[in-house]
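Structure record follows, encoded as structure tokens.
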Amino acid sequence: MKLTYRVEDGARLGALLWEFGPGWRMISSALLGGGIGPREWVLNAQVVAGYSRMDPVDHLLSLGPEGDGVGMLTAASVDRRVQACDGGVEAYATVGLRVPTWAAAPEGAADPELAPMRVGTINIVTVLPVAMTDAALVNVVMTVTEAKSQALIEAGFPCTGTASDAVCVAVPAEGPAELFGGPRSEWGARAARAVHAAVRQGAEAWRPRDFK
């Protein structure tokens, strides 16, 4: 993982780049490189809190290397990333909680993250050392998201995340494929613990703040 900086919109902004190279499959909810498929890198790029560009995919492509990769945006300070490991699983989280959000909100409720866009964002990159079926990858994304929400609630934030969170899970493309990724499977449990630890530490760094 490499940390670099650029000046954009008058601000000094960081970016984290993981260069995996060939031989990896990823699943992601990110705008760039989302879905399931072979990917060679992951970029988590910091932007200003009032980010309003309407071409985020092109923006990410301009910041990333050549080849197929995953690109995510965040207003959180990426140099304050948190890393946690459990049984061979690595989890990295950048935690921004400017606009903590419940996933199920009443219809018509005002959402301050949408107008103007206030990118808070919790971005999570999870790396497992075992191949997985497509179904298991989807299951791991569920597990990662559940662990994130558990960490936030335990840290005292009344939310399940923010409205712009992104997840990426990376696994080797070759090898015996794991069938399960739930929180009680061997690798799902390890991913859950690693993500929980990283997000909990990142969320604690936002204290003392009163989000009601």
Side-chain angles (χ1 to χ4, degrees), residues 1-6 8 13-47 55-74 76-95 121-145 147-148 165-181 185-188 190-195 197-199 202:
M1 179 185 61
K2 294 191 298 187
L3 172 63
T4 59
Y5 293 93
R6 71 191 190 282
E8 191 175 275
L13 303 170
L16 299 173
L17 177 64
W18 292 259
E19 294 183 283
F20 291 88
W24 288 82
R25 282 203 326 142
M26 301 184 191
I27 181 172
S28 180
S29 63
L31 288 171
L32 175 63
I36 301 176
R39 306 286 187 268
E40 297 186 4
W41 51 266
V42 179
L43 177 71
N44 188 10
Q46 183 182 353
V47 295
D55 61 342
V57 173
D58 289 339
H59 188 194
L60 285 162
L61 284 170
S62 73
L63 298 175
E66 296 294 321
D68 293 324
V70 171
M72 303 181 285
L73 299 173
T74 181
S77 298
V78 297
D79 53 3
R80 297 176 62 189
R81 73 212 178 265
V82 181
Q83 178 183 0
C85 302
D86 192 291
V89 176
E90 298 179 354
Y92 304 84
T94 53
V95 179
T121 309
I122 301 165
N123 286 345
I124 301 170
V125 177
T126 309
V127 185
L128 293 90
V130 294
M132 291 191 146
T133 65
D134 285 357
L137 284 173
V138 173
N139 210 174
V140 171
V141 170
M142 293 171 57
T143 298
V144 165
T145 304
K148 174 199 72 175
D165 293 353
V167 170
C168 179
V169 176
V171 301
E174 301 296 332
E178 295 290 323
L179 300 176
F180 307 104
S185 68
E186 178 182 6
W187 291 102
R190 293 173 180 177
R193 289 191 293 266
V195 169
V199 175

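Basis for what follows: all heavy atoms, side chains included, without hydrogens, waters or symmetry-related copies. The chain is numbered in sequence order, starting from 1.
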Worksheet item: Which residue, V47, V70, L32, D55, forms the side-chain contact (heavy atoms from CB on, under 4.5 Å) with L60?
Response: L32
Discussion item. If you define the side chain from C-beta out and look only at heavy atoms, does anything of N44 sit under 4.5 Å from Y92?
Written reply: no
Worksheet entry | Candidate list V127, V140, L128, test side-chain contact (heavy atoms from CB on, under 4.5 Å), partner V171, passing option | L128
Practice prompt. Could you tell me whether the side chain of D68 reaches within less than 4.5 Å of the side chain of E40, counting heavy atoms only?
Written response: no
Worksheet item: Is W187 reaching over with its side chain to a backbone N or O of P129, donor-acceptor style, under 3.5 angstrom?
Response: no
Worksheet item: Between atom CD1 of I36 and atom OG1 of T133, what is the distance when rounded to the nearest 0.5 Å?
Response: 9.0 Å
Discussion item. Donor-acceptor pair, distance only, cut-off 3.5 Å: does the side chain of T143 make one with the backbone of G181?
Written reply: yes
Item to complete: Identify the heavy atoms of A93 and V199 that sit nearest to each other, and give their distance.
Response: CB-CG2, 4.1 Å
Worksheet item: Does the side chain of L17 come within less than 4.5 Å of E19's, by heavy atoms?
Response: yes
Worksheet item: Would you call E90 and M1 a side-chain contact if the rule is heavy atoms closer than 4.5 Å?
Response: no
Worksheet item: Looking at V57 and L31, what are the two nearest heavy atoms and their distance?
Response: CG2-O, 4.0 Å
Practice prompt. Find out whether M132 and V138 are in side-chain contact, i.e. whether some heavy atom of one side chain is under 4.5 Å from a heavy atom of the other.
Written response: no
Worksheet item: Going through the checks in order, is the side chain to side chain contact (heavy atoms under 4.5 Å, CB included) test met by T121 and L73?
Response: CA-CA 8 Å; T121 309; L73 299 173; over 6 Å; no
Worksheet item: Any side-chain heavy-atom pair from V167 and K148 closer than 4.5 angstrom?
Response: no
Response to the item:
All heavy atoms of A84 vs all of A197, minimum pair found to be CB-CB, 3.8 Å
Worksheet item: Can you tell me if N123 uses its side chain to pair, donor with acceptor, with the backbone of A166 under 3.5 Å?
Response: yes
Worksheet item: Measuring from E8:CD to L13:CG, what's the distance to the nearest 0.5 Å?
Response: 6.0 Å
Worksheet entry | Closest heavy-atom pair and its distance - G34, R39 | O-NH2, 3.3 Å
Response to the item:
Applying salt bridge (charged side-chain N to carboxylate O under 4.0 Å, His left out) to R190 and not counting sequence neighbours gives E186
Fill in: Close side-chain approach of W24 to P172, heavy-atom, < 4.5 Å
yes
Fill in: Side-chain touch R6/L63, heavy atoms, less than 4.5 angstrom
yes
Worksheet item: Can you tell me how far CZ of R80 sits from CD of Q46, rounded to the nearest 0.5 angstrom?
Response: 10.5 Å
Item to complete: Could you tell me the separation between the CD1 atom of I124 and the SG atom of C168, rounded to the nearest 0.5 Å?
Response: 11.0 Å
Worksheet item: For the atom pair CG (L179) and CG (N139), what is the distance rounded to the nearest 0.5 Å?
Response: 11.0 Å
Worksheet item: Crowded around F180 CZ? As in, over 12 foreign heavy atoms under 6.0 Å?
Response: no
Worksheet entry | Euclidean distance, T74 OG1 relative to I122 CD1, rounded to 0.5 Å | 9.0 Å
Worksheet item: Any idea which heavy atoms bring G14 and L3 closest together, and the distance?
Response: CA-CD1, 4.5 Å
Worksheet entry | Where V78 and A15 come nearest, the two heavy atoms and their spacing | CG2-N, 3.6 Å
